[in-house]
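Okay, so here's the structure we're looking at.
In each ligand, atom 1 is the first atom listed, and ligand 1 is the first ligand listed.
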Amino acid sequence: MTRTPVLLDCDPGIDDALAIAYLVAAHRAGRIDLAGLVCTAGNVGLDDTVANALAWLDLADAPELPVAAGAPGPIAVPHVLTPETHGPRGAGHAELGATTTRALDPRDGARLWVELARAHPGGLVGIVTGPSSSLARAVALEPALPRLLRGLVVMGGTFHGHPGNTTPVSEWNVDVDPEAADRVCRAWEEARVSDPAVPAPLWCGLNLTERAVWTPARSERLLAASDTPLTRALVDALRFYFEFHESVGEGYLAQVHDPLVAWLALHPDAVVSAPAHVRVECAGEHTRGMTVADVRGQRGRVDNARIATDVRLPGGPDAVLDEVCGAITTLG
Ligand code: BDR
Ligand code: CA
């Protein structure tokens, strides 16, 4: 059986680290071919997202996977960092240090997107768990990218009136670079106008991902099942994420968006979703970064997205996190 090639474009980031570990486990299990990682500036600056991705891969004993540096910041606005959310270096309380000795892939992240898509025409699944800045560059480099991919799964936005986590209407990955997210929306719209067979990207917004809640009890269970340098670092990182969520009134827990989205990308049959035409508001004084979904066809445009609303798995997102934990315990 051919393994599905997967590219992860991420900005680690604490929950990105869980997504990386989960995907490495799926790769090791022979379920996917994790063909490469693109690091985008996001939760922390590009140097840190790159260093963190390399360190997490080393801890997961996957130093052979290509890692490329992508966009160093948003298209049109200065990069806003959020050290209060993921820690000053993006790994919470984990001390990742300079754990790696290996070199980065020499290709720019956008180039890696394009080359992997061309290498697997109609086969590559792209997963974005950070800002869309590198993906927007990749589409500029290769406008046929939507046609070349088997699928695209994005952690971004918020839908159906669910409040934002950055402004009242915007989710962080989209809010940091709305122009990039909107270019992605437009690229898939154009592609689907000329070829309706191009798969519409799956947008996984806060309306679903905030239901993926990691608790201290889950960290304890993870360590009890597998006490390794990787799991200890993840648990240390997560402690910071608990403190952040507590500081914003969510309680001592963490919403872990990115591993849920990585799992959904690997389980398309378990996704409940509906088609829509999505654009990102780039101008509004109070609405910049809002993902505006036309679910009634009022704009008369072709659907360029599917909006994820639920997980078809008994136990829902919590059961997904059980699977993510189970996968991570197989590592290292
Ligand atoms: C998204 O923003 C980041 O802080 C997380 O890693 C996740 O990708 C949630 O809004
Ligand atoms: Ca992220």
Go through ligand 1 atom by atom and flag the ones less than 4.0 Å from a non-hydrogen atom of [X].
X: Glu171; value: 1 (C), 2 (O), 9 (C), 10 (O)
X: Asp258; value: 5 (C), 6 (O), 7 (C), 8 (O)
X: Asp16; value: 6 (O)
X: Trp172; value: 2 (O), 10 (O)

Among His86, Met155, Gln255, which one has a heavy atom closest to atom 4 (O) of ligand 1?
His86
Closest approach to the Ca ion (ligand 2) by Asp258, given as the N, O or S atom name
OD2
Taking just the N, O or S atoms of Asp11, which one is nearest to the Ca ion (ligand 2)?
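Closest N, O or S atom of Asp11 to the Ca ion (ligand 2): OD1.
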Heavy-atom pairs closer than 4.0 Å: do any link ligand 1 to the side chain of [X], the backbone, both, or neither?
X: Thr166; result: neither
X: Asp15; result: side chain
X: Thr85; result: neither

Could you tell me whether Arg218 atom CZ has more than 12 heavy atoms of other residues or ligands within 6.0 Å of it?
yes
Taking the six-membered ring for Trp, is the centroid-to-centroid distance between Tyr241 and His86 below 6.0 Å?
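Yes, the ring of Tyr241 comes within the 6.0 Å limit of the ring of His86, centre to centre.
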Against Ile328, only a single residue in Val24, Thr231, Thr228 fulfils side chain to side chain contact (heavy atoms under 4.5 Å, CB included); can you say which?
Thr231
Passing option when Asn43 is tested against Thr49, Asp16, Thr85 for side chain to side chain contact (heavy atoms under 4.5 Å, CB included):
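For Asn43, the side chain to side chain contact (heavy atoms under 4.5 Å, CB included) test succeeds with only one of Thr49, Asp16, Thr85, which is Asp16.
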Consider every N or O of [X] and every N or O of ligand 1, then say whether any pair is closer than 3.5 Å.
X: His257; value: no
X: Tyr241; value: no
X: Asp11; value: no

From Asp16, does some N, O or S atom reach closer than 3.0 Å to the Ca ion (ligand 2)?
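Under 3.0 Å: Asp16 contacts the Ca ion (ligand 2) through an N, O or S atom.
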Residue Asn173, metal the Ca ion (ligand 2), N/O/S under 3.0 Å:
no
Please work out whether the ring planes of Trp263 and His267 are parallel, tilted or perpendicular, with thresholds of 30° and 60°.
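Correct class here is parallel.
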Measure across Pro131 and Val176 and return the closest heavy-atom pair with its distance rounded to 0.1 Å.
CG-CG1, 3.1 Å
Contact check, side chains of Ser273 and Ile307, non-hydrogen atoms, under 4.5 Å:
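In short, these two side chains do not touch, never coming nearer than 4.5 Å.
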